[in-house]
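Everything on this sheet refers to the single structure shown next.
Sequence lines set the chain letters: A, B, ... in the order given, protein chains first and strands last, and positions in each chain run from 1. Just the heavy atoms: all of them, side chains too, but no hydrogens, waters or symmetry mates, feed the values below.
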Amino acid sequence: METIQRPNNFILHIIEQDLSDNKNNGRIVTRFPPEPNGYLHIGHAKSICLNFGIAGDYQGNCNLRFDDTNPHKENAEFVDAIQKDVQWLGFDWGDHLYFASDYFEKLYEFAVELINKQKAYVCDLTAEEIREYRGTLTQPGANSPYRERSINENLDLFKRMRNGEFADGERVLRAKIDITSPNMNLRDPTLYRIRHGVIHHQTGEAWCIYPMYDYTHPISDALEGVTHSICTLEFEDHRPLYDWVLDNVSVPCHPQQIEFSRLNLEYTVVSKRKLNQLVEEGHVEGWDDPRMPTISGLRRRGYTAAAIRDFCGRIGVTKSDNVVEIGVLENCIREDLNANASRRMAVLHPLKIIIDNFPADKVEELDAINHPQDPSQGIRKIPFTREIFIDREDFREEAPRKYKRLVSGGEVRLRYGYVIRCDEVVKNNQGEIIELHCSYDASTLGADPEGRKVKGVIHWVSASHGVEAEIRLYDRLFNHPTPNQGAGDNDYRERLNPDSLRTLTRCRIEPALADAMPGDRFQFERVGYFCLDQAMVSTDVPVFNRIVTLRDTWAKLEKQHPAG
RNA sequence: UGGGGUGUAGCCAAGUGGUAAGGCACGGGAUUUUGAUUCCCGCACGCCCAGGUUCGAAUCCUGGCACCCCAACCA
């Protein structure tokens, strides 16, 4: 399983080069800098694996730093959830847990330094005015009338901003760079804004001015001695500003910002804002809804951390736009679970079978192996009785071509048990099949029948010994491969898949499954991989979440040739 | 009409002047008491397009084209 083929990407090339140049004295420090304004998703996992992976590969370290400069959108719940998710993914930040808010005082001092160097000024323009003065993509902006204030006046005003003498929006601190720059980010960007009345989850009410990301991030990186500051492509335009800040302030080092393209996944959205909307508007049950591409959702769905790490390794790291097929993720969890999950039998759509020639009071304990390729998982006993359930999909009155399950008058093998023959089909007044009468061939336990070939094997559960369960079949959350595609920013909500959750009640599972612990994963033979839900432990029936189906070449065949 | 990026198979993605890795998907076959797994085999005369340089170009040069990102007191 641990066939870790060394990932090969352009960021690693840069690092190898830096190492051979003895840049930073061979030190490697990265960081993962989430804003605690939502839960982490699969796109963050890509970044986490990259940053922590580099630290691990090069004996460096990776800091977990909360980018908590906008208290309006952030809270402690997110701080906790993010730490849990990173840990669960298998990464350790040691004692390198930081908050950008740890640096608020230093950030303030650096701002004073900028003012003293005439590199920053307090601006009285309103937000709308600033926007107007900034110009457009194709037209240069015009200088703010407050741009040439004296150092002393700026110092005084900035101090009074901090002291709470001005209302929200009344003044901001701006960098003095170039209002005509073709790069919008350099047109005197805002450095500090005033925010009264919010309680910051780390600093409480200590501050009423908050630094902006573009100012905070480079300084935080430098203060922590980060060597490689890896972020996504949309910040590429910000790099000149990142460098400008570090060049104009007395920080101990100058980290290198490197950008890579963010992950896009078919049939899902990977945007904290949109995921937040799905939660807030009740389209899903929460951030950890098993349909969500969040780390917590995937965890509850039954994905393993190893599978997610494997996925992140397979998709690569580049600067090109990409939309990864959902099948790649599914393949990763199948591969993990195929190797590790114990096999069990469960009937999702029960159809009763009465085996007429089997004694009514007899219970025969049959041996079943827990894993076909891993003998160390041992065997278990499964009770075989006169009445059993099979899946309705495993019976047809008339067999299509190539169908090898049970048909009227035909034979099929019960997994780990006997060959049975269907003698009679019982229907109700509506013509629905309600039960089957069969007979079993006692000579076929662990042996092929005399003179006949039985191709099919189906799974089953004892009617008297089986346990009732609820099974939730999850499907893709969106029915469009790229829900974001198209102009409307909110169109994605119209592409929600109405059938993303199908709840099956009164399913029957084999008795051994009654002992499962929340979070345990199994392969239900011939059906898929399932996980005992971790949040529904209080209900009287166990709830299993479908993680992913088994590959199903029969279904594919049927789809291609519906007639059979 | 500005700036910054990216174009290699259906989807990811190696490749850094010497004759197109790998994974997923797909197609064919073998094994199988899971139509699973596993195992074989196949899958770019071609690298966005057009010119050019070179003995030789996905890689270098020139000119196009397409797509993505940027005008929060968000990150």
Side-chain angles (χ1 to χ4, degrees), chain A residues 5 8-9 13 33-35 37 67 69-70 72-74 123 125-127 130-132 134-141 168-174 181-187 189-195 209-210 212-214 216-217 231-240 259 261 263 266 272-273 313-332 334-335 338-339 343 345 369 371-373 402-405 413-417 419 444 446-448 454-459 481 523-528 549-558:
Chain A
Q5 44 136 13
N8 185 24
N9 62 57
H13 289 321
E35 183 189 12
N37 67 342
D67 229 321
T69 56
N70 186 4
H72 258 104
K73 295 184 175 173
E74 302 158 5
C123 183
L125 256 23
T126 65
I130 287 178
R131 194 184 336 115
E132 284 161 18
R134 185 138 42 214
T136 68
L137 292 178
T138 53
Q139 290 170 323
D168 286 14
E170 212 173 312
R171 284 183 168 79
V172 293
L173 184 73
R174 289 228 257 167
S181 172
N183 181 344
M184 300 296 291
N185 297 115
L186 298 181
R187 320 247 265 225
T190 300
L191 266 23
Y192 269 89
R193 74 288 212 185
I194 300 170
R195 286 281 177 275
I209 56 172
Y210 289 94
M212 301 284 288
Y213 165 86
D214 283 315
T216 308
H217 206 84
C231 62
T232 43
L233 237 36
E234 66 271 25
F235 293 104
E236 204 154 23
D237 289 348
H238 296 235
R239 193 169 65 227
E259 310 84 11
S261 56
L263 166 70
E266 268 189 350
K272 252 197 259 181
R273 205 193 95 245
R314 290 190 200 197
I315 57 177
V317 177
T318 66
K319 298 184 71 154
S320 43
D321 289 333
N322 61 83
V323 182
V324 175
E325 289 177 343
I326 199 75
V328 179
L329 216 208
E330 292 177 344
N331 183 67
C332 289
R334 278 198 191 102
E335 217 168 88
N338 174 56
R343 265 98 248 232
M345 293 200 286
I369 52 175
H371 192 114
Q373 280 85 245
K402 298 218 172 178
Y403 189 80
K404 45 186 216 188
R405 308 177 190 180
R413 177 176 291 282
L414 297 175
R415 179 71 161 154
Y416 302 121
V419 170
T444 56
D448 284 331
V454 175
K455 297 175 298 215
V457 180
I458 62 173
H459 56 98
Q523 183 196 99
F524 291 174
E525 293 207 39
R526 304 208 312 129
V527 182
T549 62
L550 247 34
R551 271 203 194 84
D552 191 348
T553 54
W554 167 247
K556 203 186 325 184
L557 258 176
E558 268 197 316

Closest-nucleotide mapping onto RNA chain B: is V317(A) or Y403(A) further toward the 5' terminus? I mean the 5' end.
V317(A)
Mapping A555(A) and E325(A) onto RNA chain B by nearest heavy atom, which one lands closer to the 5' end?
E325(A)
Aromatic-base stack, Y213(A) on A75(B), cutoff 5.5 Å, angle under 30:
no
[atom1] gap between [N] and [M], integer Å:
N      : M      : atom1 : result
U8(B)  : C43(B) : C1'   : 16 Å
C60(B) : G22(B) : C1'   : 27 Å
G51(B) : A58(B) : P     : 15 Å
G10(B) : U16(B) : P     : 23 Å
A75(B) : C67(B) : P     : 32 Å
A21(B) : G42(B) : P     : 13 Å
A9(B)  : A20(B) : P     : 16 Å
G52(B) : U59(B) : P     : 14 Å

If you look at every heavy atom in [X] and [Y], which pair is closest and at what distance?
X       : Y       : result
Y213(A) : T69(A)  : N-OG1, 4.3 Å
R187(A) : P140(A) : NH2-CA, 3.9 Å
N8(A)   : H13(A)  : OD1-CE1, 3.2 Å

Does N183(A) offer a backbone N or O that forms a donor-acceptor pair with the side chain of D237(A) under 3.5 Å?
no
I'd like to know if the side chain of R334(A) and the backbone of G528(A) have a donor-acceptor N/O pair within less than 3.5 Å.
no
Between [X] and [N], is there a contact of a side-chain N or O with OP1 or OP2 at under 4.0 Å?
X       : N      : result
R187(A) : C70(B) : no
R195(A) : C74(B) : yes
K556(A) : C26(B) : yes
R193(A) : C74(B) : yes
R174(A) : C73(B) : no
T553(A) : A36(B) : yes

If pairing requires Watson-Crick or G-U wobble contacts with both distances under 3.5 Å, which nucleotide is the partner of [N]?
N      : answer
A75(B) : none
C47(B) : none
U16(B) : none
C67(B) : G5(B)

Categorize [X] for me: base, sugar-phosphate, or nothing, with a 4.0 angstrom heavy-atom threshold over every strand shown.
X       : result
R413(A) : base
L125(A) : base
F524(A) : nothing
V324(A) : sugar-phosphate
H72(A)  : nothing
G417(A) : base
Y192(A) : nothing
Y210(A) : nothing
I130(A) : base
R415(A) : base
T126(A) : base
M212(A) : sugar-phosphate
E35(A)  : sugar-phosphate
H13(A)  : base

Could you work out which one of [options] sits closest to the side chain of [X]?
X       : options                : result
T318(A) : C24(B), A14(B), A71(B) : A14(B)
P372(A) : G35(B), C73(B), A36(B) : A36(B)
N322(A) : A36(B), A13(B), G35(B) : A13(B)
N8(A)   : A14(B), C74(B), U33(B) : A14(B)
N9(A)   : C12(B), A25(B), A14(B) : A14(B)
A127(A) : U34(B), C73(B), G35(B) : C73(B)

[atom1] of [X] to [atom2] of [Y]: how many Å apart, nearest 0.5 Å?
X       : Y       : atom1 : atom2 : value
L186(A) : H238(A) : CG    : NE2   : 10.0 Å
W554(A) : R405(A) : CH2   : CZ    : 6.5 Å
N70(A)  : M212(A) : CG    : CE    : 8.5 Å

Can you tell me the distance, in whole Å, between the [atom1] atom of [X] and the [atom2] atom of [N]?
X       : N      : atom1 : atom2 : result
R314(A) : A21(B) : CZ    : C1'   : 16 Å
R405(A) : U34(B) : CZ    : C1'   : 11 Å
H238(A) : C70(B) : NE2   : C1'   : 7 Å
I315(A) : A14(B) : CD1   : P     : 12 Å

Does the side chain to side chain contact (heavy atoms under 4.5 Å, CB included) test come out yes or no for K404(A) and V457(A), once each step is laid out?
CA-CA 8 Å; K404(A) 45 186 216 188; V457(A) 180; over 6 Å; no
Summarise protein proximity over nucleotides 2-8 of chain B in one line of letters, 5' to 3': B for base, S for sugar-phosphate only, - for none, counting protein heavy atoms closer than 4.0 Å.
BBSSS--
Test applied, side chain to side chain donor-acceptor pair (under 3.5 Å); reference residue, N37(A); option that passes from E74(A), K272(A), R273(A):
K272(A)
Classify the side chain of R343(A) and the base of U34(B) as holding, or not holding, a donor-acceptor pair under 3.5 Å.
yes
Going by an N to O cut-off under 4.0 Å, is there a salt bridge joining E35(A) and K73(A)?
no
Syn or anti for A72(B), please, going by whether the chi angle lies within 90° of 0.
syn
Apply side chain to side chain contact (heavy atoms under 4.5 Å, CB included) to residues L173(A) and I209(A) and explain how you reach the verdict.
CA-CA 10 Å; L173(A) 184 73; I209(A) 56 172; over 6 Å; no
